[in-house]
Amino acid sequence: MRRKIIAANWKMNKNINESIDFANKLAKNLSELNDRDVIICPPFVNLQAIKSIIEKTPIKIGAQNIHFEKNGAFTGEISADMLKSIACDYVIVGHSERRTLFGEDDRMINLKIKTVFENGMIPIFCIGETLEERESGILLAVVERQLKVGLAGISGSFIEKIVIAYEPVWAIGTGKVASNEQAQEMHRFIRDTIVKMYNNEFANSIRIQYGGSVKPDNVSGLMAESDIDGALVGGASLDPESFTRIVLYDR
Ligand code: PGA
């Protein structure tokens with residue numbers, strides 16, 4: 001049985017006071033939780049404050065991005081060593097907003113995934129097709145390319161730990177959630193692709209989150225699908241009560 005994993009992607013939202021307030025509320029709501037993984041991915045500047053609040057809870061922290069170079073003249077960037085030094089657990093890599101608004105391509109994402117693993121953290125590797133790609137029937141080819149290039153040269157011992165987030169771009173922030181069947185179909189395809197690239201064992205242990213307009217009232221249907229192991233939540237993760245309801249979708 002794969003352990004469910006639910007992550008909050010705050011994107012560019014919440015200042016330090018709002019972050020601390022949220023973390024205190026969530027820590028209280030989830031203090032007893034021990035059967036699933038929960039991650040908060042705030043803006044970089046709030047990571048450490050949140051870490052200190054949730055340290056004695058089962059909640060973990062994740063960054064929303066990373067640079068693949070070790071250090072140097074990369075104004076505005078954050079390195080793996082910086083994240084590691086504040087005990088960051090996860091890093092979101094290749095979010096569709098990074099791909100479309102900030103020009104990240106599959107090769108760059110591959111370098112970032114390698115950097116995250118080499119520094120002992122776990123990538124949440126985002127993939128997914130645009131509406132145009134879905135409507136023109138190339139959705140499987142697009143996701144397969146994202147997986148093959150994104151994971152090129154990454155060994156099986158690392159791969160077992162990866163978290164993949166399938167986020168159809170047309171469902172992100174639009175209120176248009178993929179149907180349970182559409183999501184399950186793609187999650188199955190992703191797992192089958194991992195079988196071909198690696199083996200059955202890794203494919204069965206990798207956790208695949210669904211992301212794109214996940215809300216308290218649609219999460220349980222998605223989670224009931226056999227290949228959906230969690231959720232990456234944007235808008236609905238900004239309110240502690242709404243995010244708590246998503247995490248506790250089956251209670
Ligand atoms: P959304 O965002 O839940 O607001 O659609 C999801 C994401 O971008 O990770």
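We number each residue from 1, following the sequence as shown. Ligands are counted one by one from 1 in listed order, and the atoms in each one are counted from 1 as well. Predicted model, so just to flag it, every value in this text is computed and none were measured.
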Donor-acceptor list for residues 80-88 side chains, cut-off 3.5 Å, not counting sequence neighbours:
from	atom 1	to	atom 2	distance (Å)
Ser85	OG	Asp81	O	3.3
Ser85	OG	Met82	O	2.8

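Counting only residues at least two apart or on different chains, the side chain to side chain donor-acceptor pair (under 3.5 Å) pairs with a member in residues 47-62 are Lys51-Asp89.
Taking 4.5 Å as the limit, some side-chain heavy atom of Ile164 sits within range of a side-chain heavy atom of Leu147.
Residues forming a side-chain hydrogen bond (donor to acceptor under 3.5 Å, both in side chains) with Asn110 (at least two apart in sequence, or on another chain): Lys114.
Residues of the protein with a heavy atom under 4.0 Å from ligand 1 are Asn9, Lys11, His95, Glu167, Ala171, Ile172, Gly173, Gly212, Ser213, Leu232, Val233, Gly234, Gly235, listed by chain and number.
Here the side chain of Arg99 pairs a donor or acceptor atom with the backbone of Cys126 at under 3.5 angstrom.
Using bins of under 30°, 30° to 60° and over 60° for the plane-to-plane angle, the ring pair Phe158/Phe117 lands in the parallel bin.
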